[in-house]
Structure formats: structure tokens, C-alpha cells
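One structure is given here, and the rest of the page talks about it.
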Amino acid sequence: MGKTAVALRLAERIGGEIVSADAFQVYRGMDIATAKPSPEELARVPHHLIDILDPGEEYSAARFRELALPLLEEIRDRGKIPIVVGGSGMYIRVLVDGIFSSPPADRSLRQRLREEEARLGPGYLHGRLGREDPVSAERIHPRNLKRIVRALEVLELTGTPISRLQREWGFPPPVGSEPPFRMIGLRRERADLYRRIDRRAEEMFKRGLLAETERLLEAGWLEAGPARLALGCREAAGCLRGEYEEEEAVRRLSAATRRFARRQMTWWRAERRIEWIDLLPDSSPEETAVRIVNLLE
RNA sequence: GGGGAGAUACCGAAGUGGCCAAACGGGGCAGACUGUAAAUCUGCUGGCUAUGCCUUCGGAGGUUCGAAUCCUCCUCUCCCCA
């Protein structure tokens, strides 16, 4: 979409600092795969929550909120305007609307639950959830193991059904009060967007995605860590393992990125608080930034 | 020139007389989303005046109550021999 460049111009114009709401730009050593701002860009305006973790460390929407909230305050105290930039719908939503407090992921518990499912047959865990937290079971599709496991995990760890915790938090929050923020969305025509995605996938490999991934691989970050899930890393890793050629990896990356972009659009379409800016193929980051400034006035 | 294999929906690929508008995968479209979210999951995907009808399985004929499936010819692709 071109968020990075636009955010940079916007920050320069209104005296802002950029807070990345990205689940993967937090990791060091994943520059190409996550399309991080370049060193020059990073130097032009203060950026936050980029390169703060090693690719094996846990990060999550809730953790993002914990880190971002105080940052936003600091930036305001400095007389600057925080500009939160990201594609992750859930991260933004959790930042803006909050999240019920609950224990973080418990790997071994999750693994145990998954083993039970494997042993006792598909549908077992959902059935159990149906008995212990019917409200959640109703909401979570029987095949969505990941979310079933999380619901059971919270239940075991807290003794309270996740659905109750969620309700008590009251998410989304009551309407009425004017939110202390504006939500701006950038939008492009599908064909334009897909062209850019295709080009970007190619670019990533040209810039050395394979070498970058190789380093992650050697450091052991791709075994089980979060980095393994990053677009670009996945495809590059498959290529390094010899599963397919680079050309195929580019194709896969494009397709995966298009799918990802669509999921994002689905998410944001439902977000009523967004003010949309439609971009043309030749819209420059400068003029887009100006349009946002005008919108904000 | 001779021999063999094949042509299926957007792509790949099953199907080899009725249960086939055609499995499955990819792609595409739409949706869900409360601590891995660049994740995970769901639905749809020939057309229509739609509990039915119409057009589709390289093309044209034919056999049959009935064909993507059998026969004939044609076109194209691939492989082997010359």
C-alpha cells in the first residue's frame, strides 16, 4: 500500500513520531522480509517498536499494547504526535479498544491439548469446550483448533471461561465518547494493489531475501520461533531447503501476500471508524501525506 | 516417415457408459477474528427467468434409452524410433 513512505512524510509534516504496529518488524535481522523502513528513513523521523526483539522471542497483540501505550504518552509529552502505522488489524484494535487480561500463551499446555485432540480424535476438544464454555464453543468453528486451544488454555489457567472474561471487558467498548485518535486507511484498486505486490515479491529476492533468511536459519530462529511464520521467510526457507526454485518462491510469496492483503481488507472493511483515502497507481507518498493532513484539519 | 502418450472448468489434476456441472489441490471472491494475527478458520467459485432448466470435458460425426467416458475421422501437444 505504501504505508511506510506515507507515514514518514506525514510525520515530517505534522511533527510526528512513528510507532510500528507490526508483528514482525519488531524482530532484528528481518529487514527485507518485513519491508522495514530503510536506515535513512529511520533516521529522518523517530520510529518505535522496530528491531526490539530477537526473532525467537514472543510477541503478541497484548504485548504490543503494553509497549505502545506508554510510548504514545511519551511522544505526546514531547509535544509530538504519535502515528501508529501497521497492517495488523488485531494489533490496532487491541491498542485502541484494549483486551481482557489473561495469562500469556503456555506452550506446554497447548501442546498437551493438541496431543489430546490427536489421540482422542478430531472434534474432541471442541466437544469439551462445548461442555465447559458453551458460549465460546458456539462462536469458534469446530475445526479452528488454534482458537479452541486458546479458549481451553485460558479456562485451565484462570478457571474462568474466556467468553466471560471477554464479556466483562466489554469489547468493543461503549460508544459515545469521542476517541482521542483518528483512523486513516489507505486503499488501492485491486489490480493496482496486486501489481505492486508482485513487484515487491520480486524485489525482496533481488535485495537478498535468501541471504537474510539463511542467516536466520543458521541462527536457529526458523525452527519454532515466530519468524518462521513471516511471509517471505517461509517462501525463502522452502527455497533454501531445495523444495522449489527461486522463481517458484517468488510466485508463492506474491500469492501469499495477496491473500494476506485480502484478509486485511476484510478486517478493515468492518471497521467503521476508518476514514479512507483512495490511492491511484501514480499517487506519490508526498501528496498522500498532504491529503491526510487536510483530512485531519 | 513409423510407433506411443495425451488434450477435462481460470490453472494443475481425478474421473473411463447413468450416482458428473464433473473429486481434489492451486488461484480467485466473500466472510470470521478478544495474547503466535504476515497466524488460524469458514463459505462460494460454468450460466440462468434457478427445489428446475441451459451450455460445458480439443473439433466434427456416430453407437446407445443415456457418453467426459465407447467407435470413426480431423486438429493440436509431448515422448521414442527413423
Side-chain angles (χ1 to χ4, degrees), chain A residues 1 3 20-27 30 32-36 53 55-67 86-107 109-111 114 122 126 133 135-136 138-151 153-154 157-158 160-173 190-191 193-194 197-198 200-201 204 221 224-237 244 248 251-271:
Chain A
M1 215 49 77
K3 299 184 293 289
S20 165
D22 191 291
F24 288 92
Q25 288 189 354
V26 290
Y27 295 118
M30 296 175 63
I32 298 169
T34 66
K36 270 180 211 162
L53 298 175
E57 299 183 72
E58 304 257 344
Y59 195 56
S60 68
R63 181 105 184 86
F64 161 68
R65 178 178 157 87
E66 281 166 23
L67 296 173
S88 170
M90 186 176 171
Y91 278 37
I92 301 285
R93 190 164 178 193
V94 163
L95 176 66
V96 161
D97 297 329
I99 187 169
F100 67 99
S101 66
S102 68
D106 179 331
R107 297 250 164 194
L109 173 53
R110 288 185 180 190
Q111 197 187 339
R114 280 177 183 276
H126 191 262
D133 181 1
V135 178
S136 292
E138 180 66 31
R139 281 207 282 254
I140 302 172
H141 187 97
R143 278 196 279 276
N144 202 339
L145 236 203
K146 192 162 186 162
R147 297 193 50 226
I148 294 168
V149 166
R150 160 102 276 237
E153 173 185 60
V154 169
L157 261 27
T158 66
T160 311
I162 192 171
S163 56
R164 221 181 92 202
L165 294 172
Q166 290 164 347
R167 197 178 53 242
E168 281 166 8
W169 182 269
F171 175 69
R190 194 67 56 109
L193 178 66
Y194 283 7
I197 286 173
D198 289 347
R200 184 161 302 196
M204 281 187 182
W221 297 131
R228 166 185 53 112
L229 300 172
L231 286 178
C233 282
R234 288 191 322 210
E235 290 75 17
Y244 39 77
E248 171 66 11
R251 230 192 325 271
R252 288 182 186 221
L253 176 55
S254 295
T257 307
R258 282 198 294 267
R259 237 178 294 127
F260 166 55
R262 262 182 265 135
R263 252 177 291 134
Q264 301 252 298
M265 289 188 282
T266 301
W267 180 288
W268 292 118
R269 260 191 291 249
E271 175 54 74

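These values consider heavy atoms only, across backbone and side chains, with no hydrogens, waters or symmetry-generated copies. Since this is a predicted model, take the numbers as computed values, not measurements. Below, read A as the first sequence line, B as the second, and so on, with proteins coming before strands; counting in each chain starts at 1.
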[M] and [N], which share atom name [atom1], separated by this distance in whole Å:
N: B:C71; M: B:A21; atom1: C1'; result: 26 Å
N: B:U77; M: B:G26; atom1: C1'; result: 23 Å
N: B:A60; M: B:A82; atom1: C1'; result: 33 Å
N: B:A23; M: B:C19; atom1: P; result: 13 Å
N: B:A7; M: B:G59; atom1: P; result: 13 Å
N: B:G18; M: B:G1; atom1: C1'; result: 43 Å
N: B:U45; M: B:U51; atom1: P; result: 15 Å
N: B:C33; M: B:C24; atom1: P; result: 27 Å

Given [options], the nucleotide with the shortest approach to the side chain of [X]:
X: A:A255; options: B:G27, B:G31, B:C41; answer: B:G27
X: A:T34; options: B:G35, B:G28, B:A38; answer: B:A38
X: A:R150; options: B:G35, B:C33, B:G27; answer: B:G35
X: A:R263; options: B:U36, B:C41, B:C33; answer: B:C41
X: A:R259; options: B:G27, B:A38, B:C33; answer: B:G27
X: A:R258; options: B:G28, B:G35, B:A37; answer: B:G28
X: A:A62; options: B:C29, B:A30, B:G35; answer: B:G35

Does [X] place a side-chain N or O at less than 4.0 Å from the phosphate oxygens OP1/OP2 of [N]?
X: A:Y91; N: B:C33; result: no
X: A:R262; N: B:A30; result: no
X: A:Y59; N: B:U36; result: no
X: A:T266; N: B:G31; result: yes
X: A:R190; N: B:C29; result: yes

Any [X] side-chain heavy atom under 4.5 Å of [Y] side chain:
X: A:Y194; Y: A:R262; value: yes
X: A:R110; Y: A:R107; value: no
X: A:L253; Y: A:M204; value: yes
X: A:M30; Y: A:P226; value: no
X: A:R65; Y: A:R93; value: no

Checklist outcome for this item: Comparing nearest nucleotides in RNA chain B, the 5'-proximal residue of the pair A:Y194, A:I140 is A:Y194

Checklist outcome for this item: Per nearest nucleotide of RNA chain B, the residue lying toward the 5' end, A:F100 or A:F24, is A:F100

Quick one: [X] [atom1] to [N] [atom2], roughly how many Å, whole number?
X: A:M90; N: B:U40; atom1: CE; atom2: P; result: 15 Å
X: A:I162; N: B:C33; atom1: CD1; atom2: P; result: 13 Å
X: A:R65; N: B:U36; atom1: CZ; atom2: C1'; result: 19 Å
X: A:K146; N: B:C41; atom1: NZ; atom2: C1'; result: 10 Å
X: A:E248; N: B:G25; atom1: CD; atom2: P; result: 18 Å
X: A:L95; N: B:A37; atom1: CG; atom2: C1'; result: 15 Å
X: A:R114; N: B:C41; atom1: CZ; atom2: C1'; result: 12 Å
X: A:N144; N: B:A39; atom1: CG; atom2: C1'; result: 10 Å

Give [X] one of three labels, base, sugar-phosphate or nothing, depending on what nucleic acid heavy atoms sit under 4.0 Å from its own.
X: A:R143; result: sugar-phosphate
X: A:P226; result: nothing
X: A:R234; result: sugar-phosphate
X: A:S88; result: sugar-phosphate
X: A:E58; result: nothing
X: A:A33; result: base

Next on the checklist: So, using ring pair (Phe, Tyr, Trp, His ring centres under 6.0 Å) as the criterion, who are the partners of A:Y27 when residues are at least two apart?
Outcome noted: none

Item to check | Any donor-acceptor N/O pair under 3.5 Å between B:A38 base and A:D22 side chain | outcome: yes

Checklist entry - Which atom names give the shortest non-hydrogen contact between A:L231 and A:A256, and what distance separates them? => result CD2-CB, 3.5 Å

Item to check | Pairing pattern in dot-bracket form [Watson-Crick, G-U; both distances under 3.5 Å; | = partner strand] for RNA chain B | outcome: ((((((((.[[[..)..(.....]]]((((((.......))))))(((...)))...[[[[[..)....]]]]]))))))).

Next on the checklist: Assess whether a salt bridge exists between A:R258 and A:D198, defined as any Lys/Arg side-chain N lying under 4.0 Å from an Asp/Glu carboxylate O.
Outcome noted: yes

Checklist entry - Does CZ belonging to A:R139 count more than 12 external heavy atoms closer than 6.0 Å? => result yes

Item to check | Positive for side-chain contact (heavy atoms from CB on, under 4.5 Å) with A:F64, one of A:V26, A:L95, A:V94 | outcome: A:L95

